[in-house]
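Have a look at the structure below before the remarks.
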Amino acid sequence: MMGKQSTLGKFWGKPAANGQTTKTDEVKKTHETEEVQGTGGSEVPSDTQNQPQDSAAPSSAIIQSNISETGKSDSEAKSIATKAESSRKKRRVVESDDEEEIPIDASRDIAMRSTSLDQEIEPLAETDGADDQEPPKKRVKTQVQADEKEPMRETAVEQIREKVEETAKAQIDQIKEAPESNPDAVSETATTSTRSAFQKAPIIDQKLASTKSSATNPFSLARAGTASIKTVSDKTRKQAAGAIKKGKSKGKLDPDDDNDENELPNDENYSPVDGSAAHASDDDDGKMRTKGSDSDEEEEEEEAVDDEEEEKSAKAAASKLAATLALSSSANSTGKSEWKKGDPVPYSALTDCFEQIDKTTKRTLISSYLTSFLLKVALNPGKDGGDLLRVVYLCINRLCPDYMGIELGIGESLIIKAIAQCTGRSVQQIKTDLRTVGDLGLVAEQSRGKQKTLFKSAPLTVPFVFKCLTDIAKASGNASQARKVGIIQKLLTPCTGSETKFIVRSLEGKLRIGLAEKTLVTALAHAIVLKEVGSKKLPEGKLADILAKGAEAVKAVYRQVQLSNIIHNRYSDSSLLKGGIEGLKEACKLTPGVPLKPMLAKPTKAIGEVLDRFEGKEFTCEYKYDGERAQIHMLEDGQIVVFSRNSENMSAKYPDLVESIPRCVDKSVKTFVIDTEAVAYDIQEKKLLPFQQLTTRKRKDVRTEDITVRVHIFAFDLLYLNGESLLQKELVERRRLLQESFHPVEGEFAFAESSDGSSSEQIAEFLDESIKDGCEGLMVKRLTSADSTYEPSRRSINWLKLKKDYLAGVGDSCDLVVVGGYYGKGKRTNTYGAFLLACYDADAEQFQTACKIGTGFSDQMLQDLYNLLSPLELASGKRSDIQADMSKPPDVWFEPKVVFEVLTADLTLSPIYMAAQGLVDERGISLRFPRFIRIREDKDADDATTSEQIAEFYEAQALASKGNRGGGGNDEY
DNA sequence: GTGCCGAAAAGTC
DNA sequence: GTCCGACCCATTCGG
DNA sequence: CCGAATGGGTCGGACGACTTTTCGGCAC
C-alpha cells in the first residue's frame, strides 16, 4: 500500500506548496502549518507516460488484466449464459402486419395537434396517404438472388453513378406499382450491380490501384484505411455472425443455406475485417488528399464564387469526401446490406453501417460511410418511401422532431429488465456484466450470443424497428411498462449479431459510435447531392465542388430548421428531392413556430482571454442570467410559442408568458422570434430568484392562476421579425430592432442588461455588478461584422461566456474526501467513472456526503485513480462514520483517505446530500457543476473542508447576491 | 378503487 | 451544465 | 520548397445537481 502511494505520488500535481491555495486553506489557516513534505511524489506529472504500468502494487496487476483482457468478461458472461440458457423461454415472434403501417403517421398526427405545422408536414402526409391505400404486398418471393451476372464495372465511380442512374429511373415507375414478384429487370439490375460489385471488391481494389492516376481519381483512392484504433473487442468477431437474410421478409424462412453461400465468400474476401481496410494505408490517405485538391484547382472557375475562401476549403474537404465515399460504398456493400427494390430497408443493413462507423474515429470517414448508405436508402427507400427518414432518425436516436416531445420513457432499468426476460438471465447477472463490460448493448449482445436459436424469425427491418420504438413511446398508463418490455422483447428476439447491440443502444438513446446529428447532416447532404448528380458525368473536381456546395446548403438550412424538418419537408416522400437542394432552401426557411437551435457560448478563462479574442473589435457585454433559455415565437395568428434550449415546446409550462408577452410587443409587430432568458422573479421584492427556485415550477397543465413562481423575461436577441429572418444581420442591428419592437414591462419583460465598454477594468466591474445582481456572469458578443450574425450551431461558439468560477482562483473550491466510487461506462469502462465525495464534520468526527464528481479527469488520471483507490475499497461496505443517503449507494465504498480539490459554481440545498446538514437548513448542501481539479496529496481525510466551512460558503453566496435576491438562505423556500 | 410512496425517466442548468 | 480527447484544417516552423 | 509540428475549432461522449412527472406496488 505504501509503495503504491509513493509511486502514484508522481502522478499527481503538486500539493498546495506553490499552487494556489484552496478557499478552504484560507479559512482554515490553523491546519495549514503543516509543511508540504514532498513525498518524493511531488515531482512532475510528466513522466506519467513512461511509468511502467506494472510498477504499482499487486492489485494493479489485477486491474491490468481487467483492463486489457476483454476476453475475461467474455468468458464470464459465457458461463453465466450457459447456465441461463436452459431456462430460457423461446419466443417466436412472427412479424405481423404491423409492419405495413407507417409509423410516421403517428408522429405526424401529434405534430399537427401540438404545433401548427401542418404546412411543414404536408408533403409527408400526402405520401402517407398514398401509401396507406396501397394494398399490403405479400412479399413471399423466391428470393434466390441472382448473384452475379454483371461483369465487373470499371471503376467505383462508374458504379455509383450507374447505381444512381438505374435506381432513380426505376424508382419512379416503380414506387406505385411495387414490383411484386421476382426481380424483374428493373429491380434486379439495381440490386445485382451493387451486389456483384461488392463481391468483387478486392478486384475492384486492384483495378483501382492500377488506374489510380486516371480521371476517376477522387474515387480511386477509395481504399483509404480505417486503421481501426478502436478496441478490438469482440464486435469484430461477431460481425461474421451478423449475417442477414435479405430479400425476404415475412413468413417462413427458407433454409439459410443460400445465405451462407453468399456469406462465406464475402467474408472470405473481406475477412481480415479490421484489416480489410488495412491494405489501405495512411499513405493512400495522404495521396488522396493531395490529389483531391489538385483536381480542385483545375475546376475552379465554374461556380460563381460567392463566398471567398471558405468556399475553397469546403471544396477541398469535399473532394476528399468524394474520395472516401467510393471506399465506403464499396466497403459498405461488403456487408450484406442489399435489399430488393420496394422492400423495407433491412435493419441489418443499417447496423452493418453502424459497425463500420464504429470502427473508426475519423469523422470524415464516418460521414462517407454514412453517405453511401444513405444514398442507397435514398435510391430504394422502402415501399412507402419513408425509410430514409426512419433511417436518419435511427441514426440520431430520435423518433420525431424535438418539438413534438415524443419520448421513449425507457431507461436503463427497464432495458435491463427486458434483456433479462429475453435472455432468461437475472437482472442481477446483467448488472454485474454491465460493470465489467460497460455497455448495455454489448451485454445484451453477449447474452444473446450464448443462446441457441431454434427458430429464426424474420429479419428485422427498419420500418419495423421504428414502429416498435414509436409504440414504446406511445405506451402509457397502467401496465405500460410491462407493455414496453414486451415490445422490446419483440425487437430483441429476432436480432442477429450486432443488431442486438444497436437495438439496445437505440433504446438507451446513445449509439456511441461517434456519430451524431452534425455529422449526419453532412452525410445526408452528400447523399442527396450524389443522388441529384445521379448519372451525369462530371469531372471529378466538379463533383467535389457540388458536394461541398450541397453540404453547405443543407447545413445552412439545418441551422435554421430542425434536421427532421428538412426530411419531413423534402425527403420523406417517394419523389425524393422534388425540389432538390435549391428547393430545399425555399422550403425550409426560418418560420415562427419551428424552433431553431439557439446560439451557444464558449467558456472563457480570464478577462484577458476575452480581450485577446475581441481585440480592437466592437463587442458588448451582457448579463448572463441564471434562468432557462426561452426562444419565444409569435406566429401570424398571434399565437405565442415558447421553446426551450433543446427545442422542446414549453408553451404549456409558461402560460403566463403566452399571456404577457403580447403586452410587450409593439403594435407594428406581427411575427417574431426572440431569444431570451426566463428567470424566476420575486414580484413583491422585485428581485431575481435563484435558478433552483425556477425549476420548482410545474411543467404540465399549468394554469396561470396557480403559478407560484413568477418569471421575468430578459430578451437579448431578435432572430425574426415581421416575416423576415434577421439571422444574417449584425448584432447591433438585431439589438436595435429588438429594442424598437419591444418595450419593457415592469416585472415581466426587460432587455438584458448590457455594457459596451471595452477595457479590462470596465469588464471586470460589469462582471462584479452582474454577480451582485444575481447573475452568473457575462456574455460577451461581437457587435458588428460578419462574425456577429446569429449562427445557430455553425461556429457554434461565437459568443463568450465569462463566469466568476472560470476565473482562476476566484471560484469556490473545496477539498473533499473520496468515500465512494461508481464504475464507469462506455469509454470509462474498467475504471471508476465517478466518485462520491464528503466533507468532514469535525465535531461529530464524521464524513458527510457533499456531491459526486465525474468530470475534470484526464483518461490517464482516471486510470491512476483506479490504481490508487481500488486498494481502499471496503469489502464490508460503508464505514459507520460516513453519513450518506443510502437510497442510491455507490458501487464501492472507500476508506476515507484521498482528498480531491474540487471547483464549483454554486452551492445548493440538497435533498440527498448531508454536508452541513442542520447548519443552515434541514437539508444538506451540495455543489452545482462540480469538477475535479487535482488531488490534494498534502491533505488527509480529516483535513478536508469542514461542514462549517461549507455552511459559511453557502451563507456568503446568499449574501453576495442579497442585493438583488430574496434574503439569505433560510427563507427562500 | 384510492391514496401514498419510492424509483425511474426526462429535462433544466 | 463541465470537461477531455480525437479529428480536421490552416498556419507556421525547420530541414 | 516541402513535410512536420502546432494550435484553434468542432464534435462526441464521459460525467454533475436538481426538479417534475409517471408508473408500479402497497396498504387501506
Side-chain angles (χ1 to χ4, degrees), chain A residues 229 286 289-290 309 313-314 316-317 320 360-366 402 405 407-414 417 438 475-482 484 509-519 522 600 602-603 613 626-630 644-646 648 650 653 677-678 690-702 776 793-798 801 803 805-806 822 824-829 831-835 837 850-862 887-888 902-913 925-933:
Chain A
I229 300 162
R289 210 160 293 171
T290 46
E309 28 200 68
S313 66
K320 197 163 105 194
T360 182
T361 55
K362 298 201 179 2
R363 259 200 305 280
T364 45
L365 248 195
I366 289 177
D402 292 311
E407 297 309 326
L408 280 180
I410 285 278
E412 196 171 79
S413 329
L414 263 185
K417 211 182 287 180
S476 74
N478 208 10
S480 59
Q481 294 192 352
K484 287 180 179 181
K510 300 185 284 189
L511 245 25
R512 289 196 44 236
I513 56 176
L515 166 69
E517 194 157 339
K518 295 262 172 62
T519 310
T522 61
L600 302 176
K602 179 179 178 169
R613 285 173 184 273
D626 190 6
E628 190 176 334
R629 193 88 176 247
S644 76
R645 180 197 145 120
N646 290 320
E648 212 94 19
M650 306 291 278
K653 179 178 172 183
E677 190 83 7
F691 177 77
Q692 207 174 359
Q693 186 91 60
L694 178 67
T695 60
T696 61
R697 276 179 66 116
K698 294 268 173 277
R699 295 208 260 263
K700 296 194 160 174
D701 301 326
V702 182
E776 290 186 284
S793 94
R794 188 190 189 181
R795 310 238 172 65
S796 46
I797 318 278
N798 246 352
K801 59 178 155 184
K803 290 169 69 169
D805 56 302
Y806 297 158
Y822 301 82
K825 293 185 184 162
K827 61 186 176 188
R828 300 243 174 120
T829 308
T831 65
Y832 304 118
F835 303 93
L837 303 184
C851 67
K852 291 198 292 176
I853 189 158
T855 192
F857 315 100
S858 66
D859 291 355
Q860 179 64 51
M861 180 61 80
L862 236 25
S887 63
K888 279 203 297 183
V902 162
L903 191 61
T904 179
D906 266 325
L907 296 159
T908 61
L909 291 173
S910 166
I912 60 168
Y913 290 105
I925 292 175
S926 186
L927 316 186
R928 176 142 85 138
F929 312 145
R931 55 262 206 202
F932 173 87
I933 301 298

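Nucleic acid contact for A:K825: sugar-phosphate only, since backbone atoms but no base atoms lie under 4.0 Å from a heavy atom of the residue. Here A:L515 lies in heavy-atom contact (under 4.0 Å) with sugar-phosphate atoms only. No contact: A:F932 has no heavy atom under 4.0 Å from any strand. A:K888 comes within 4.0 angstrom of no nucleic acid atom, judged by non-hydrogen atoms across all strands. If you check every strand for non-hydrogen atoms under 4.0 Å, A:L694 touches nothing. Nucleic acid contact for A:P603: none, since no nucleic acid atom lies under 4.0 Å from a heavy atom of the residue. Residue A:L414 is in sugar-phosphate contact alone, with no base atom involved, counting any heavy-atom pair closer than 4.0 Å across all strands shown.
Side-chain N or O atoms of A:Q692 include one that pairs as donor or acceptor with a backbone N or O of A:L909 at under 3.5 Å. With A:R697 contributing its side chain and A:V702 its backbone, the two residues share no donor-acceptor pair below 3.5 Å. Using modelled atom types, no side-chain atom of A:K827 and backbone atom of A:D859 make a donor-acceptor pair closer than 3.5 Å.
Distance A:Q860 CD to D:dA14 P: 19 Å, rounded to the nearest Å.
Each of A:Y822 and A:L511 was matched to the nucleotide of DNA chain D holding its nearest heavy atom; the match closer to the 5' end belongs to A:L511. For A:S887 and A:R699, each mapped to the nucleotide of DNA chain B holding its nearest heavy atom, the one lying further toward the 5' end belongs to A:S887. Along DNA chain D, the nucleotide closest to A:R363 and the one closest to A:K510 are compared, and the more 5′ of them pairs with A:R363.
A 4.5 Å side-chain heavy-atom check between A:M861 and A:F932 finds at least one atom pair inside the cut-off. The shortest distance between side-chain heavy atoms of A:E628 and A:K653 falls below 4.5 Å. Looking at A:K801 and A:K602, their side chains never come closer than 4.5 Å, going by heavy atoms from C-beta outward. Side-chain contact between A:K825 and A:K510 is absent, with no heavy-atom pair separated by less than 4.5 Å. Residues A:F835 and A:F857 form a side-chain contact, since some pair of their non-hydrogen atoms from C-beta on lies under 4.5 Å apart. A 4.5 Å side-chain heavy-atom check between A:R629 and A:L600 finds at least one atom pair inside the cut-off. Contact annotation: the side chain of A:R928 never approaches that of A:D805 to less than 4.5 Å [non-hydrogen atoms, C-beta and beyond]. Put simply, the side chain of A:I933 does not reach to within 4.5 Å of the side chain of A:V902, judged on heavy atoms.
Ranking D:dG16, D:dG12, D:dA14 by closeness to the A:R828 side chain, first place goes to D:dA14. Candidate nucleotides C:dC8, D:dG16, C:dT2 were compared by shortest atom distance to the side chain of A:K801, and C:dT2 ranks first. Taking the side chain of A:T855 as heavy atoms from C-beta on, and the options D:dC11, D:dA17, C:dT2, the nearest nucleotide is C:dT2. Side-chain atoms of A:K362 lie closest to C:dC8 of the nucleotides C:dC8, D:dG16, D:dT21. Residue A:T908 places its side chain closer to D:dC18 than to any other of D:dC18, D:dG16, D:dT19. Listed nucleotides: D:dG13, D:dT10, C:dG1. Nearest to the side chain of A:K803: C:dG1. For A:D859, the side-chain atoms get nearest to C:dC4 when compared with the rest of C:dC4, D:dC18, C:dG1.
Residue A:Y913 has no polar side-chain atom (N or O) positioned under 4.0 Å from OP1 or OP2 of D:dC18. Distances shorter than 4.0 Å separate some side-chain N or O of A:K518 from OP1 or OP2 on D:dC11. The side chain of A:R928 contributes no N or O atom lying less than 4.0 Å from OP1 or OP2 of C:dT2. Taking 4.0 angstrom as the limit, A:K852 places a side-chain polar atom (N or O) nearer than this to OP1 or OP2 of D:dG16.
In the interface, the side chain of A:R931 is not paired with the base of C:dT2 through any donor and acceptor atom under 3.5 Å apart. For A:R697 against D:dT19, a side-chain-to-base donor-acceptor contact under 3.5 Å is absent.
For DNA chain B, the outermost nucleotides in 5' to 3' order that have an atom under 4.0 Å from a heavy atom of chain A are B:dA8 to B:dC13.
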| What string of B, S and - do you get for nucleotides 22-28 of chain D, 5' to 3', when a contact is any protein heavy atom under 4.0 Å? | SSS----

